[in-house]
Number of protein chains: 2
Amino acid sequence: MLHEEVVGRVRAMLLDGEIPPGARIPERDLCEKLQISRTPLREALKVLAAEGLVQLLPNRGSRAARLTDKDMRDLFEVCQGLEALAGELACERITDAEISDVADAHAAMVRHYGDRDLLQYYRCNRFIHEAIIAAAGNPVLSGLYESVTARIRRARYVTPMTPRRWALAVQEHEAILNALQRRDGVGLSHILRAHLRHKREEVMQAGFAETAPLEQARAS
Amino acid sequence: MLHEEVVGRVRAMLLDGEIPPGARIPERDLCEKLQISRTPLREALKVLAAEGLVQLLPNRGSRAARLTDKDMRDLFEVCQGLEALAGELACERITDAEISDVADAHAAMVRHYGDRDLLQYYRCNRFIHEAIIAAAGNPVLSGLYESVTARIRRARYVTPMTPRRWALAVQEHEAILNALQRRDGVGLSHILRAHLRHKREEVMQAGFAETAPLEQARAS
DNA sequence: CTAGCCATTTTTGAATTCAAATTGGATCGT
DNA sequence: ACGATCCAATTTGAATTCAAAAATGGCTAG
């Protein structure tokens, strides 16, 4: 197994919650689960610690990082900034074909909204946002965006969505597509910022913070 | 030596150019220079690779990453986005005392401009930008900014500055301080974007890209 | 019966060891 | 003499081993 693969596997376990936030990570167990020795696993853990997904405690091993309300706010704020930037750049660089792809995804998303199919709605939603990032043609930006969104994804897609919020989100997405088609970079960046701000308010209000998960439930 | 210390030492060597861009990194040599074994060094290299400072070649070791023109453009663009975001947030959160610090640094910077003391000018310049980032009160943002600026720092501060450009930069900094004192977030973010765009044009025009460093000069 | 202390065990951190891949050079063939 | 191929030596990647730190459990004393 390649180094990057180990990092990817462990990252997925953290993001999927297979290793829950705050849980200790016993190297030995993970090693045999992944069928590797401790050396490559420890390399991966250090990389993930630098990404903010893992917390290293000197001489006491590592834990899955836990997001506080503040962390969540900070991540959303940065995400807002990155998407706004991506929106501006995308309007300068996106091709007609790419706009067409986004329009298709948007149409599909609106259909799923009509069906109240939240899962498929989110799939299209995510595709659209990622397409805008990709259209910015800036790998540094893409990398940071990927890293930031990965950490808030669960919160973003698990928070219950009220009919009121959902309708607003769809409306905002109409504006997003519109600005993109007009290649109105400044307009798009404003809409994206507002869109993310609303999403953040939604998530923060739901109080998703990964606080105090109790070290471990102990069977008595 | 602690893990983070190893990462820091090697990062410094890369950023200072002690290990020049494109140079191969012989693990063995670095190990004895740092007085550690290969295991912790390799952990550090993988972390630095994730940061984009080191390029890992499977089964062929690692090299100090080399920035192309495109990389430089991408990094500056992201930096622009981050500073713009920080500017907006800072205007909401900065204290009067912090504004006062920035004003002092600005005054000192203008004096150094008058003396044509580029080194001291840059010191104040950097302090101001970092103070704005810090005032945003967002550690995620600070971390990304630190990582991005570190990679372009040499280009940013080594590019020769024409009198024309320098005067413009000082003028822009006047506007930056002014917007900050008025707590005009939108205005500040616009000025910062323009400021960074000009800096980027300056650097890109100077053609700083770290291209073709010749594998190694060979004494015949 | 509880609290505090010490020995044991477990787990982490790092050096060493071992295997695999690559590189450079030498030999052989054309 | 030139080129291809094979072998040795170096270097990388990962497992194992060793040492140090922390957690655990038991023991004794109050």
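Please read all numbers here as calculations on a predicted model, not as lab measurements. In what follows, chains carry the letters A, B, and so on, assigned in the order in which the sequence lines appear, proteins first and then strands, with residues in each chain numbered from 1. When reading the values below, keep in mind they use all heavy atoms of this one structure, side chains included, and skip hydrogens, waters and symmetry mates.
- Of the candidate nucleotides C:dA14, C:dT11, C:dA15, C:dT11 has the atom nearest to the side chain of A:Arg28.
- In this structure, A:Asp29 does not pair ionically with A:Arg24, as no charged nitrogen and carboxylate oxygen lie closer than 4.0 Å.
- Here the nucleotide nearest the side chain of A:Arg38, chosen from C:dT22, C:dA14, C:dA15, is C:dA14.
- The nearest whole Å value for the distance from the CG atom in B:Asp29 to the P atom in D:dT10 is 14 Å.
- For the pair A:Leu2 CG and C:dA21 P, the computed distance is 12 Å after rounding to whole Å.
- Ring-plane geometry between A:Trp166 and A:Tyr121 is classed as perpendicular, the angle between the planes exceeding 60 degrees on a 0 to 90 degree scale with a lower cut at 30.
- Using a cutoff of 4.0 Å between basic side-chain nitrogens and carboxylate oxygens, B:Arg151 and B:Asp74 are not scored as salt-bridged.
- For B:Glu77 and B:Arg73, the salt-bridge test passes: some basic side-chain N is under 4.0 Å from an acidic carboxylate O.
- Between the C1' atom of C:dT11 and the CZ atom of A:Arg24 lies a distance of 8 Å, rounded to the nearest Å.
- In this structure, A:Leu57 atom CG and D:dA21 atom P are separated by 17 Å, rounded to whole Å.
- If you measure from atom CG of B:Leu41 to atom C1' of C:dG13, you get 15 Å, rounded to the nearest angstrom.
- Closest-nucleotide positions on DNA chain D for A:Pro58 and B:Asn59 were compared, and the one nearer the 5' end corresponds to B:Asn59.
- A:Asp16 places no side-chain N or O within donor-acceptor distance of the main-chain N or O of A:Glu18, the cut-off being under 3.5 Å.
- Atom-to-atom, CZ of B:Arg60 to P of D:dT11 comes out at 15 Å; the value is rounded to the nearest Å.
- Nearest nucleotide to the A:Arg42 side chain, out of C:dA21, C:dA15, C:dA14: C:dA14.
- Minimum atom distance to the side chain of B:Glu27 is reached by D:dG13, of the listed D:dT16, D:dG13, C:dT12.
- Of the candidates C:dT16, D:dA14, D:dT12, the closest approach to any side-chain atom of B:Thr39 belongs to C:dT16.
- Separating the CD atom of A:Glu32 from the C1' atom of D:dA15 is a distance of 15 Å, rounded to the nearest angstrom.
- Atom CD1 in B:Ile25 sits roughly 12 Å away from atom P in D:dG13 (whole-Å rounding).
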